[in-house]
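In the text below, chain A, chain B and the rest are named by the order of the sequence lines, each starting its count at 1.
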4 protein chains.
Amino acid sequence: MPAKAPAQGRPRLAEVDTRIVDAALIEMKDKGLTNLTLEAVAARAGVGRPTIYRRYSNKEELIRAVLTDKVPKLSLTETSDVVDDLVSMAVTFADQLNKSGLLSVAIAAHAEARHNPVMADVLKTDYLLPRSQSVVGAIERALASKQFVQVEPATVRDLLFGPLIYRLLVVGEEVSPFGLRTLAETALSGIRTPGGK
Amino acid sequence: MPAKAPAQGRPRLAEVDTRIVDAALIEMKDKGLTNLTLEAVAARAGVGRPTIYRRYSNKEELIRAVLTDKVPKLSLTETSDVVDDLVSMAVTFADQLNKSGLLSVAIAAHAEARHNPVMADVLKTDYLLPRSQSVVGAIERALASKQFVQVEPATVRDLLFGPLIYRLLVVGEEVSPFGLRTLAETALSGIRTPGGK
Amino acid sequence: MPAKAPAQGRPRLAEVDTRIVDAALIEMKDKGLTNLTLEAVAARAGVGRPTIYRRYSNKEELIRAVLTDKVPKLSLTETSDVVDDLVSMAVTFADQLNKSGLLSVAIAAHAEARHNPVMADVLKTDYLLPRSQSVVGAIERALASKQFVQVEPATVRDLLFGPLIYRLLVVGEEVSPFGLRTLAETALSGIRTPGGK
Amino acid sequence: MPAKAPAQGRPRLAEVDTRIVDAALIEMKDKGLTNLTLEAVAARAGVGRPTIYRRYSNKEELIRAVLTDKVPKLSLTETSDVVDDLVSMAVTFADQLNKSGLLSVAIAAHAEARHNPVMADVLKTDYLLPRSQSVVGAIERALASKQFVQVEPATVRDLLFGPLIYRLLVVGEEVSPFGLRTLAETALSGIRTPGGK
DNA sequence: ACTTAAGCGAGACGGTACGTCTGGTCTTAAG
DNA sequence: CTTAAGACCAGACGTACCGTCTCGCTTAAGT
């Protein structure tokens, strides 16, 4: 979300907002976070550099906006099988993240966050927090319905997302959604209660 | 490994090699890959910038050298319990990687590799390949001894490392080796054969 | 004269132009053309290095600007005595050139021009051409008024400036304007018509 | 003249001396003093850079050597006409200097000397001093024989060399020895005694 | 309808880092 | 001790971006 415009004067063009974020996304996918230049973003968006800075006070803020706007939401379809809901959510998310080209951006942002408090805050506030709602809810529902043996919710989260992200990151592009689903199911199989459906 | 020096003329000082790589490691941990400057590396190493370029033709090559030299080797202790060997190896590796500050460097390198064929090659050649030997060997031994149900070796790898890396990356610093071990064991529990010790 | 700024965008600060050329002049006098560094010019002018390159694409262009802006014009006072006008002009010019510290710069530029077509063009276009107007005019007036025996204008020019420049160059700093005047008059005495006033 | 070699050990190759100075001369003519690099001299001479530094402690010393070795001596042919001897000497010298390509080197050295005491000393000691012997002698003989009106010897020198050097420097390459002679004779004509031959 | 505050593209500005080149010094192996 | 080769530190080169700052112009909202 860009910094908000003052009330007076000419209003900002909404179209410019989207041109900037779209251009930034393409540039990130092309060049990576390291080699991302606002100059190229501005050129691709057909915009002056100050027009970007008017909205985002620095590169981090722009990255934040891209992550916020473009990373897929976690879509939770609630069926009778709680565990299957979890798996579907995680697989869909990982696959979309990978296909959209944002996987590497998100991962690079996490790495950057280690040395960069601003980026850490960006991630926590705009990336993880809004997404953890769905995940934690679904996990707690699964735990409550005794689908899982007694484990920490964080453990479920790590078993669910860890292998998916790791495989996508290490292997590269070509991973089928089916393979991902199998992997996620296998990862969770160790903590499923024997009687669970 | 730096570009090799010619046979003739004054030989390169080995000490300079190590000063450069050590300084680079510290700078990476301090600033992150994105904000790594060879100027700062040179200053910290007490070396002229051209002396770095004599060894590494660009930033990527230097990062390659750091990853090659400084990322811990996978130390495999062979006991009677093959699965425990695997877990120990992975936990030790992940913990060392995290504690040494190289986790974020390695992860950022993976993200970078998505857009940068040179970096992709660096990772494949100098990072993954030499380490996969031990892992693949141990996994195949575990499979052969029927400790695991019949799965792809890659699945074992992803279940083993995925959750560990994911947790360290997402959570941040403070994860105890004990917590890591529990996580890894839980991840593998789903593919262990019932009768296996 | 700096490369002209585009019409659009923020206009260049005229003050920066003068700060750069003034700083360059001081540096040239201090260090000589050989040891002139744009880094030092930029520092003295309180300006970033790219700001200089925006105006002058290289060192030669900057030197051209200094020669164009700072070398004294030939001031011709027209009295009844045409020859005295010539002498005054030459002596004043040589003395100012020497005192301003630009003598060595101009001479070094001439030497450089032997190997450097760009510099040769700089000299011809910005240094000699605009100054030759006055000289040629005055010489032709002197020839027309029969003050001189019949000689080439170029001969007059060389007799007039040659000894002055040579003395200043070879001897060094301390030459009085009076000595210069005597020298110039002596040089021309050989071509003056006997009856001439 | 290079710094003298120690008595002990392997003697220096005399051939290396000449290869260096010859290469330096060619490079100077090609590139000018400003762009002269010892690297290029060494390469052209087929010699290591330290081999040059062993003989000449810096660039100035090498230039000194070239000026000393390669600038033509003033050859004074003593005939009955003292003034004609002077003119011949000056014209021959200027013409050779020009044709050898060393004119610009010598001039650049003079300009450099303004800011560089070492170069000033080089010129005074190795260039001007050994040559002024002949000139001063010839001038004093001319003065003694009443060929000239009473003037300073320095004035004669400046009238003689000034116009020649100036013309060669300003005009460029194509000046005939005959034109030079005429110019020199004209310059001196103003101080010749009426009765002189 | 007219003022006014801000948006906008372009590009200047002081900096910082890049990757390269040279200067003068030093170190090696071979002679 | 000399030689050719080449490493070493230092520092300048010309270029690319950064984040900020004007400029001339356009565009709404509020008088």
Using a cut-off of less than 4.0 Å, is there contact between a side-chain N or O of Arg55(A) and OP1 or OP2 of dA6(E)?
->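 No, no such contact exists.
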Would you say a side-chain N or O of Thr51(A) is under 4.0 Å from OP1 or OP2 of dG9(E)?
->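 Yes.
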Just wondering, do Lys31(D) and His115(C) contact through their side chains at under 4.5 Å, heavy atoms?
->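 His115(C) vs Lys31(D): side chains apart.
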Should Val16(B) and Thr51(B) count as side-chain neighbours, where that means a heavy-atom distance under 4.5 Å?
-> yes
May I ask you to say whether Asp17(B) pairs ionically with Arg55(B), meaning some side-chain N is under 4.0 Å from a carboxylate O?
->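 The answer is yes: the pair qualifies as a salt bridge.
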For nucleotides 18-28 of chain F, just jot down a letter per nucleotide in 5' to 3' order: B, S or -, based on protein non-hydrogen atoms under 4.0 Å.
-> BBBBBS--BBS
Arg19(B) side-chain N/O to Ala45(B) backbone N/O, donor-acceptor pair under 3.5 Å | yes
How many Å lie between [atom1] on [X] and [atom2] on [N], as a whole number?
| X | N | atom1 | atom2 | answer |
| --- | --- | --- | --- | --- |
| Glu61(C) | dC13(F) | CD | C1' | 17 Å |
| Asn35(D) | dG23(E) | CG | C1' | 15 Å |
| Ile52(A) | dG11(E) | CD1 | C1' | 15 Å |
| Arg44(A) | dG9(E) | CZ | C1' | 19 Å |
| Leu62(D) | dG23(E) | CG | P | 11 Å |
| Glu15(B) | dC26(E) | CD | P | 17 Å |

Taking salt bridge (charged side-chain N to carboxylate O under 4.0 Å, His left out) as the test, write out the residues that go with Lys59(A), two or more places apart.
->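 Not a single residue meets the salt bridge (charged side-chain N to carboxylate O under 4.0 Å, His left out) criterion with Lys59(A).
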Of Lys29(D), Lys70(D), Arg44(D), which meets salt bridge (charged side-chain N to carboxylate O under 4.0 Å, His left out) against Asp22(D)?
-> Lys70(D)
